[in-house]
Amino acid sequence: MNYRHIYHAGNFADVLKHAVLARLIVYMQQKDKAFRLLDTHAGIGLYDLSSEEAQKTGEWRDGIGRLLDAELPAPVATILAPYLDAVRSLNPEGEITLYPGSPKLARMLFRPQDRLSAMELHPDDSRRLARLFEGDYQVRVTELDGWLALGAHLPPKEKRGIVLVDPPFELEGEYERIVDGLARAYRRFSTGVYCLWYPIKRGAPIAAFHEALKALEIPKILCAELSVKSDRDLTGLSGTGLIIVNPPFTLKDELHAALPELKRVMAQDRYASHRCFWLRGETTEAERQRD
């Protein structure tokens, strides 16, 4: 309940998460039929990077601050365009002061038929989020523990949807909670696209987490990771990871193109790295190791 994303808004972890979320939304919009985004840990929706909190850490400067100024190869610029265009539209003067959280980014990319269910447990943050979307019939904000939403709010009435799970990882057992939450949600909504975020830092049980996900025997689970520095640096995160269940068939190739450029732009030391591979999917073990 004490977590405040304003200290981390726009950092390298947000960049990867929001770039992928934008790609998922674009993919869902290839069909005319409506879809719903369920955002389980929505935050306040819009972040002021000129605020005292954001300035105190300055994490955004090594994330979105670098990426907006970077020269990118044309194919990668195209992949990142939905995300970066949304950020730029909030900052028409050029200097970045506003950064969209996942609910705001999604809403900016929506068509009239698309819907957002945004869950936020912290009372103050939930009220701020509700004010942000006041009068917007495409958005429903609920003050609720996002883990409960994985049962109560699935499947969506549209029968098409993205489920974004982005917990703060301020409590013990969050990796296990992701696995358990995905298992429950998948039983209710097996055709949904799931995007699950996790931090990478020294001592994090990443290998055990991946094995637990594989044990769920969900047919298609894609993993993408970006590390910007050595995990010997104990200050903050060294990397960020995403688990994508039922990913669009184009996403793996897009990540293979984008991840090297994101690493190049946001690397903080020579140990920066990236990888994208199937935890479960239509690849051989040799192909997985090569990825």
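Taking NZ from Lys263 and CG from Leu16, the interatomic distance works out to 14.0 Å, rounded to the nearest 0.5 Å. Between the CZ atom of Arg61 and the CG atom of Leu49 there is a distance of 9.0 Å, given to the nearest 0.5 Å. In this structure, CZ on Arg275 lies 13.5 Å from CG on Leu255, to the nearest 0.5 angstrom. For the atom pair CG of Asp136 and CG of Leu116, the computed distance is 8.5 Å after rounding to the nearest 0.5 Å. Rounded to the nearest 0.5 angstrom, Lys201 NZ and Ser238 OG are separated by 9.5 Å. The structure places CD of Gln268 at 4.5 Å from CG of Asp62, a figure rounded to the nearest 0.5 Å.
A donor-acceptor pair is defined here as one N or O able to donate and one able to accept, closer than 3.5 Å; no such pair exists between the side chain of Glu225 and the backbone of Gly239. Side chain of Asp145 to main chain of Leu121: no donor-acceptor pair is present (N/O by atom type, distance under 3.5 Å, no hydrogens or angles). Using modelled atom types, no side-chain atom of Glu143 and backbone atom of Arg127 make a donor-acceptor pair closer than 3.5 Å. Arg23 places no side-chain N or O within 3.5 Å of a backbone atom of Thr250 that could act as its donor or acceptor partner. Panel note: side chain Thr40, backbone Leu164; a donor-acceptor pair is recorded below 3.5 Å. Looking at Arg160, its side chain does come within 3.5 Å of a backbone N or O of Lys33 through a donor-acceptor pair. Of the possible donor and acceptor atoms, none in the side chain of Arg188 sits under 3.5 Å from a partner among the backbone N and O of Ala152. A distance-only check finds no donor-acceptor pair linking the side chain of Tyr186 to the backbone of Val245 [under 3.5 Å].
Remark: Arg131 does not engage Glu134 in a salt bridge, criterion side-chain N to carboxylate O under 4.0 Å. Using a 4.0 Å cut-off between charged nitrogen and carboxylate oxygen, Arg128 and Asp125 do not count as a salt-bridge pair.
The side-chain hydrogen bond (donor to acceptor under 3.5 Å, both in side chains) contacts involving residues 171-182 comprise Glu174-Arg177, where partners must be two or more places apart or lie in separate chains.
As a member of the Ile/Leu/Val/Met/Phe/Trp/Tyr network built from side-chain separations under 4.5 Å, Tyr137 groups with nothing else and remains a singleton.
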Fill in: Stepwise side chain to side chain contact (heavy atoms under 4.5 Å, CB included) test for Met266 and Leu226
CA-CA 10 Å; Met266 296 189 294; Leu226 173 66; 3.7 Å; yes

Item to complete: Determine, step by step, whether Tyr27 and Val193 satisfy the side chain to side chain contact (heavy atoms under 4.5 Å, CB included) criterion, reporting the C-alpha distance in whole Å, the side-chain angles of both residues, the deciding distance to 0.1 Å, and the verdict.
Response: CA-CA 11 Å; Tyr27 180 81; Val193 177; 5.9 Å; no

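When all heavy atoms of Leu154 and Phe189 are compared, the closest pair comes out as CD2-CD2, 3.8 Å. The two residues Ala258 and Ile79 have their closest heavy-atom pair at CB-CG2, 4.5 Å. Contact record, Asn246 with Ser190: ND2-O, 2.9 Å, taken as the closest heavy-atom pair. Of all heavy-atom pairs between Asp269 and Tyr271, the closest is OD1-N, 2.8 Å. Residue Pro103 comes nearest to Asp39 through the heavy atom pair CD-OD2, 3.3 Å, listed as atom of the first residue, atom of the second, then distance.
Applying the salt bridge (Lys or Arg N to Asp or Glu O under 4.0 Å) rule to Lys17 yields the partners Asp14, Asp166; only residues at least two apart in sequence or on another chain are considered. The side-chain contact (heavy atoms from CB on, under 4.5 Å) test applied to Ala149 returns Leu38, Met119, Leu144, His153, not counting sequence neighbours. Listed by chain and number, the residues in a side-chain contact (heavy atoms from CB on, under 4.5 Å) with Ser51 are Ile6, Asp48, Glu53, Ala54 (sequence neighbours excluded). With sequence neighbours excluded, the residues satisfying side-chain contact (heavy atoms from CB on, under 4.5 Å) with Glu158 are Ala34, Arg36, Arg115, Pro156.
Under the 30°/60° scheme for interplanar angles, the aromatic rings of His18 and Tyr83 are found to be tilted.
The hydrophobic clustering, which links ILVMFWY residues whose side-chain heavy atoms are closer than 4.5 Å, places Val26 and Val20 apart. Hydrophobic clustering (side-chain heavy atoms under 4.5 Å, transitive across Ile, Leu, Val, Met, Phe, Trp, Tyr) groups Val15 together with Leu72.
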